[in-house]
Protein chains: 2
Amino acid sequence: MPKIVDAGARRQDVVDAVFRIIASDGLERASLREVADEAGLAVGSVRHYFASSDELLVHSFSVVIDRIAGRLEAALESVRQEAPGSPAHHEAVLLLLGQLLPLDEEKAVDVCVWLAFRTAARIKPVFAPEAARSHRAVAAVVGQLVMQLLPDSEQQDILVTEAERLLATLDGLCLHALLQSEWMTARMCRDVLEAHLAGLGGLFQRG
Amino acid sequence: MPKIVDAGARRQDVVDAVFRIIASDGLERASLREVADEAGLAVGSVRHYFASSDELLVHSFSVVIDRIAGRLEAALESVRQEAPGSPAHHEAVLLLLGQLLPLDEEKAVDVCVWLAFRTAARIKPVFAPEAARSHRAVAAVVGQLVMQLLPDSEQQDILVTEAERLLATLDGLCLHALLQSEWMTARMCRDVLEAHLAGLGGLFQRG
DNA sequence: GCAGTTGAAGCACGATTGTGCTAAAAAGAC
DNA sequence: GTCTTTTTAGCACAATCGTGCTTCAACTGC
């Protein structure tokens, strides 16, 4: 029989190379030749594991979505294990929201790649299904979080609006942190999130 | 002397072609040949008005910034002419914030092109100066608006945080409206903005 | 040892890109 | 009409891209 290699691990190596290239040089530079160079392989070898350039990129998109969604769901579980209103709960919520921000090197690469694929999905239809899945996954977690943070008495449409508002603020923060890192520092991210959460908590006090 | 043409108008025609291509096919498709085709010219003709591809794109970036910033500043003037707290003032504020959202075809093209160049500026240094100018211009208007909306008693750092928060929410809304237009409808944009403004107004009531 | 499957690598082709350069056409100045 | 300058157009070259196809090495099962 054949030469046996861990195909899954090799594929992941190539995907990691894709991530590094996108983070440093953008999605448009993630060509087969560049990816092969970065992964230390030949073009033909990369094409052995991925039938086409599109398949490689779509799979990379899928991987980064799973990574981010996985972190979000784990963080949501941590939030659920804290008593609502407690300082630990507040901290867990901040930790969850921070998963979508480039607060360290690893997350910076992830959200950068994530944003690159999502914006590319507007043009390239191959990315559209994964982009929709990505949006559903993140919106689900943020929706659950908003339901935890707001009193049950709130009407459904207010919950939806607040979830979309939190999601928009998060994406905007992420965008600014990636594009204008001089202005949008980690400290400013936290301040904005704190202010937003204070505004959320104050919602029901105004009726 | 020579054949006389309105060089400025011709340049604007080419820039308009660039906008259409970026809005429909993305920045990476805005090559000289595509732009020339879209403008009904030959490549050599386009190159007569723009020395290089970079100059064309940077100039296009500059034009879209001026358009958006111009609309924002005009809208800010309208806000200033209304009594703070009045319904007309509220409506003028919503109109200002809506200038950054793809609520009609014209603004959709503008913000789409704007976002494309800003994200490209992370990678291509030629775009960086204009991206910084863009950020300063928009942040200045939003900052002025926040100063109008919040009581003078607020501390400086709270004003800054709230300005960045509003800016982030706006950019996030814009991103969602462009990328996930099925979920982020014009109605949802308005609801989110209303909720955000209510949260802003409620700030000083909580101290 | 042999055979057969898989991994790894590379060639070649057409398409697309930016750009240096050339050349023809157009129109006001004389 | 002739000259001059702008405008418009096009060619050619190197670089890059995805991909069909072939080739060679490696390693397992017998």
Side-chain angles (χ1 to χ4, degrees), chain A residues 1-22 24-61 116-117 120-121 123-127 130, chain B residues 1-22 24-61 116-117 120-121 123-127 130:
Chain A
M1 284 272 249
K3 179 178 176 182
I4 294 292
V5 279
D6 189 339
R10 269 276 195 271
R11 280 170 66 98
Q12 188 55 48
D13 288 345
V14 176
V15 168
D16 286 340
V18 170
F19 287 176
R20 289 194 297 272
I21 290 178
I22 293 178
S24 66
D25 291 336
L27 179 56
E28 63 278 3
R29 297 295 302 270
S31 67
L32 282 179
R33 288 169 176 83
E34 292 275 349
V35 170
D37 276 5
E38 176 71 31
L41 298 175
V43 178
S45 305
V46 174
R47 294 204 332 149
H48 177 69
Y49 292 99
F50 298 95
S52 68
S53 175
D54 278 357
E55 186 190 315
L56 168 59
L57 296 181
V58 169
H59 181 257
S60 300
F61 191 8
F117 278 124
I123 299 302
K124 292 194 68 178
V126 274
F127 295 147
E130 288 297 311
Chain B
M1 287 273 252
K3 179 176 174 183
I4 294 291
V5 218
D6 187 339
R10 270 276 196 271
R11 281 170 65 97
Q12 187 56 47
D13 289 345
V14 177
V15 168
D16 286 339
V18 171
F19 287 176
R20 288 193 298 272
I21 291 178
I22 293 179
S24 66
D25 293 335
L27 179 57
E28 64 277 5
R29 298 296 302 269
S31 66
L32 282 178
R33 287 167 176 84
E34 291 274 350
V35 170
D37 275 4
E38 177 72 29
L41 299 174
V43 178
S45 305
V46 174
R47 293 199 0 167
H48 179 253
Y49 293 99
F50 299 94
S52 69
S53 175
D54 278 356
E55 185 190 318
L56 167 60
L57 295 180
V58 169
H59 181 257
S60 300
F61 192 7
F117 278 124
I123 300 301
K124 293 194 64 176
V126 272
F127 294 147
E130 288 298 310

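Every value quoted in this text rests on a predicted model; they were computed, and no experiment measured them. Lettering of chains follows the sequences in order, A, B, ..., and the numbering in each one begins at 1.
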Send over the distance from [X] [atom1] to [N] [atom2], rounded to a whole Å.
{"X": "B/Leu32", "N": "C/dG20", "atom1": "CG", "atom2": "C1'", "answer": "13 Å"}
{"X": "A/His48", "N": "D/dG20", "atom1": "NE2", "atom2": "P", "answer": "16 Å"}
{"X": "A/Glu55", "N": "D/dG18", "atom1": "CD", "atom2": "C1'", "answer": "14 Å"}
{"X": "A/Arg33", "N": "C/dG10", "atom1": "CZ", "atom2": "P", "answer": "12 Å"}
{"X": "A/Asp25", "N": "D/dT16", "atom1": "CG", "atom2": "C1'", "answer": "15 Å"}
{"X": "A/Arg29", "N": "D/dG18", "atom1": "CZ", "atom2": "P", "answer": "11 Å"}
{"X": "B/Asp6", "N": "D/dT6", "atom1": "CG", "atom2": "C1'", "answer": "14 Å"}
{"X": "A/Asp37", "N": "D/dG18", "atom1": "CG", "atom2": "C1'", "answer": "15 Å"}

Legend entry - Toward the 5' end of DNA chain D, by each residue's nearest nucleotide, A/Ala30 or A/Gly44: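 Nearest-nucleotide comparison on DNA chain D picks A/Ala30.
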Inset, instruction - Mark yes or no for a side-chain to base donor-acceptor pair under 3.5 Å between B/Arg47 and C/dG20, with no hydrogen or angle criteria applied. - result: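 Such a pair exists between side chain and base.
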Legend entry - Close side-chain approach of A/Phe61 and A/Leu57, heavy atoms under 4.5 Å: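 No, side chains not in contact.
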Legend entry - Note, A/Arg20 side chain near A/Asp16 side chain (heavy atom, < 4.5 Å):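 Yes, at least one pair of side-chain atoms sits under 4.5 Å.
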Inset, instruction - Dump the intermediate steps for side-chain contact (heavy atoms from CB on, under 4.5 Å) on B/Asp54 and B/Lys124, then the final yes or no. - result: CA-CA 10 Å; B/Asp54 278 356; B/Lys124 293 194 64 176; 3.1 Å; yes
Legend entry - Value rounded to 0.5 Å, distance of CD in B/Glu55 from CZ in B/Arg47: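 That separation rounds to 11.5 Å.
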Legend entry - Sidechain-backbone polar pair: A/Arg11 side chain, A/Tyr49 backbone, donor-acceptor under 3.5 Å: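 Yes: the side chain of A/Arg11 pairs with the backbone of A/Tyr49.
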Legend entry - Sugar-phosphate, base or nothing in reach of A/Arg10, heavy atoms under 4.0 Å: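 Result for A/Arg10 = sugar-phosphate.
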Among the nucleotides [options], which one has an atom lying closest to any side-chain atom of [X]?
{"X": "B/Tyr49", "options": "C/dG18, D/dG18, D/dT7", "value": "D/dT7"}
{"X": "A/Glu34", "options": "D/dC17, D/dT19, D/dA9", "value": "D/dC17"}
{"X": "A/Ser45", "options": "C/dA8, D/dG18, C/dT19", "value": "C/dA8"}
{"X": "B/Ala42", "options": "D/dA9, C/dA9, C/dT19", "value": "D/dA9"}

